[in-house]
**Q** 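Just dropping this structure here.
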Amino acid sequence: MSKSNDQFPDGFLWGGATAANQLEGAYLEGGKGMNLADVMPGGKVRLKVISTPGFNFEIDKEKYTYPNHDGIDFYHRYKEDIALFAEMGFKAYRMSIAWSRIFPNGDELEPNEEGLAFYDRVFDECLKYNIEPVVTISHYEMPLYLIKEYGGWRSREVITFFERYATTLFNRYKTKVKYWLTFNEINGAVFHPIFGLGFSPATEDVRLQESFQGLHHQFVASSLAVKACHEIIPGSQIGCMLIYAPVYAIDCNPANVLYAFQEEQLFNYICGDVQVRGEYPAFSKRFFKENGINIKMEDEDLKIIKQYPVDFISFSYYMSRTEKKEKTAEEKAAGNIFSGVKNPFLQASDWGWEIDPVGLRLALNQLYDRYRVPLFVVENGLGAYDKIEEDGRINDDYRIDYLREHIKAMGESIEDGVELMGYTSWGCIDLVSASTGEMSKRYGYIYVDKNDDGSGTLERKKKKSFYWYQNVIATNGQEL
Ligand code: BG6
């Protein structure tokens with residue numbers, strides 16, 4: 001056990017993070033409508049299947065399994081799970097609401113009471129233990145009807161549906177939820193629009209045009225949500241959510257350094273600049289022009305965006321990215337939803353995600369320097385295979401090592417002057433992987449007995465990391 005200085009402020013929001021579609025299950029219960037996650041097959045084919053143009057958004061049980069349908073059955077076991085979070089000492093629980101539980105199709109005028117009541121029960125359970133809910137309004141699960149009938153976020157009409165959905169949540173949960181996030185990993189759409197925007201462009205030629213048009217609609221929707229949140233819940237805080245990876249150049253060749261810098265601007269900063277600074281950055285104009293991107297806007301859009309920026313930035317951090325201007329297919333590194341080239345100084349997880357705690361310190365400093373708003377690390381963690389020993393224990397020291405080094409990096413950045421609100425590590429309880437639909441890619445402090453083929457008792461078991469994290473929280477990050 002190593003000791004750090006007293007770096008983490010009082011009230012630091014230690015906890016864990018999940019998303020509705022990856023753990024709730026009960027995909028047809030409680031009046032819920034179908035959503036994107038319900039048609040995402042399990043296994044490594046997932047990303048390819050859903051992002052192939054022409055994908056019909058239908059279930060095909062002859063060919064695939066659908067692990068999100070049952071998840072880990074949080075829908076029925078949330079009390080047991082939240083009790084375990086409380087036992088670890090969580091101060092915060094980042095979770096998401098399934099849009100299609102509240103508006104089954106997405107475009108209704110009235111919400112589904114059964115869906116609203118479910119989240120009331122979940123929030124009450126959290127509050128019983130003084131766990132602060134941190135709620136993502138949209139996390140990779142757009143109602144399927146909006147995808148099929150409206151073409152996802154391509155359509156401007158979706159802004160109104162989202163605004164209605166967000167406003168419904170603020171009104172209903174105004175006494176229970178203070179922290180809100182609008183769109184999960186909004187900038188991920190630059191690489192894979194399917195998860196966040198609910199469509200895959202038909203050809204590479206229109207990919208950037210359609211993705212940035214969809215993002216623009218989300219920017220307006222997000223600002224309208226910020227406005228509503230502040231009006232309805234005084235004292236609330238609402239943030240954007242980015243997937244953040246500092247981009248390193250492979251060497252000091254200025255051409256590679258410039259390329260890495262430009263990738264960083266494009267991927268890491270456009271969304272943050274719009275959502276925090278309230279305007280498209282200077283560099284975006286040239287990028288849009290040179291790539292034939294022409295965003296259709298209405299007169300008020302830029303005013304709305306300027307007037308209602310977010311209060312804080314939340315982000316996921318799993319890895320850094322290393323770039324080279326000219327790279328061959330063999331040089332590409334496997335990555336989360338983006339990939340650069342392999343970094344010779346870094347080890348990778350079993351899924352090829354490069355492990356780089358220093359990158360988290362950089363990320364925090366870069367974001368704070370640029371935006372000067374509080375930051376919140378709402379996802380971070382190691383997806384790994386776990387083994388149950390003969391004595392029943394799960395000794396996940398590799399996970400503890402990963403988390404320890406990343407928490408140390410956060411401590412360093414707080415000393416660097418960064419204002420950090422909290423840390424909710426990803427998948428605090430094992431759940432279905434977003435990119436592969438596997439159960440065997442586990443992140444949790446709590447093991448769930450469920451296998452990739454769907455078999456298992458769903459029994460929950462505490463891993464070694466459960467006790468370790470419990471102590472981290474109890475000592476406010478002083479004992480790592
Ligand atoms: C983030 C997502 O990209 O990474 C989560 O917000 C996801 O939904 C997490 O689960 C880890 O990715 P994966 O593919 O290992 O589940």
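We're numbering straight along the sequence, starting at 1. Worth knowing before you read on, the calculation uses all heavy atoms, side chains too, and leaves out hydrogens, waters and symmetry mates. For ligands, and for the atoms within them, numbers begin at 1 and follow the listed sequence.
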**Q** I need the atoms of ligand 1 closer than 4.0 Å to a non-hydrogen atom of Ala434, numbered in the order shown.
**A** 7 (C), 8 (O), 10 (O), 13 (P), 14 (O), 16 (O)
**Q** Among Trp426, Tyr423, Phe315, find the one that has a side chain to side chain contact (heavy atoms under 4.5 Å, CB included) with Asn380.
**A** Tyr423
**Q** If you count the atoms of ligand 1 from 1 in the order shown, which ones are under 4.0 Å from a heavy atom of Ser433?
**A** 13 (P), 14 (O), 15 (O), 16 (O)
**Q** Looking at Tyr443, which atoms of ligand 1 are within less than 4.0 Å of one of its heavy atoms?
**A**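 Those atoms are 11 (C), 12 (O), 13 (P), 15 (O).
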**Q** Decide yes or no for Phe90 and Cys428: does some side-chain heavy atom of the first lie under 4.5 Å from some side-chain heavy atom of the second?
**A**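 Phe90 reaches Cys428 side chain to side chain.
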**Q** Below 3.5 angstrom, do we get any N/O pair linking Val432 and ligand 1?
**A** no
**Q** Select the closest option to atom 12 (O) of ligand 1 among Trp351, Tyr318, Trp426, Trp353, judged by heavy-atom distance.
**A**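 Residue with the shortest heavy-atom distance to the ligand atom: Trp353.
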**Q** Between Arg460 and Asp449, is there a salt bridge with N-O shorter than 4.0 Å?
**A**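 Here Asp449 does not pair with Arg460 in a salt bridge, since their nearest N and O are not under 4.0 Å apart.
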**Q** Is Asn184 touching ligand 1 with its side chain, its backbone, both, or neither, if touching means heavy atoms under 4.0 Å apart?
**A**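 The answer is the side chain of Asn184.
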**Q** Between Thr436 and ligand 1, is there a nitrogen or oxygen pair with a distance under 3.5 Å?
**A**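 No.
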**Q** Answer yes when Arg77 and Asp73 have at least one side-chain N-carboxylate O distance shorter than 4.0 Å, and no when they do not.
**A** yes
**Q** Which pairs pass salt bridge (charged side-chain N to carboxylate O under 4.0 Å, His left out) with one or both residues in residues 133-145, sequence neighbours excluded?
**A**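 Listed by first then second residue: nothing to list.
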**Q** Quick one: salt bridge (charged side-chain N to carboxylate O under 4.0 Å, His left out) partners of Lys327, sequence neighbours excluded?
**A** Glu323
**Q** Using a strict cut-off of 4.0 Å, indicate which atoms of ligand 1 neighbour a heavy atom of Glu185.
**A** 1 (C), 2 (C), 3 (O), 6 (O)
**Q** Which of the atoms of ligand 1 are close to Lys441, meaning less than 4.0 Å from one of its heavy atoms?
**A** 13 (P), 14 (O), 15 (O)
**Q** For the residue pair Met95 and Phe123, establish whether any side-chain heavy-atom pair is separated by less than 4.5 Å.
**A** yes
**Q** So, Glu58 and Lys148, do they make that salt bridge, N to O below 4.0 Å?
**A** yes
**Q** Where's the contact between Ala19 and ligand 1, heavy-atom distance under 4.0 Å: side chain, backbone, both or neither?
**A** neither
**Q** Does ligand 1 come near enough to Tyr140 that some N or O of the ligand is less than 3.5 Å from an N or O of the residue?
**A** no
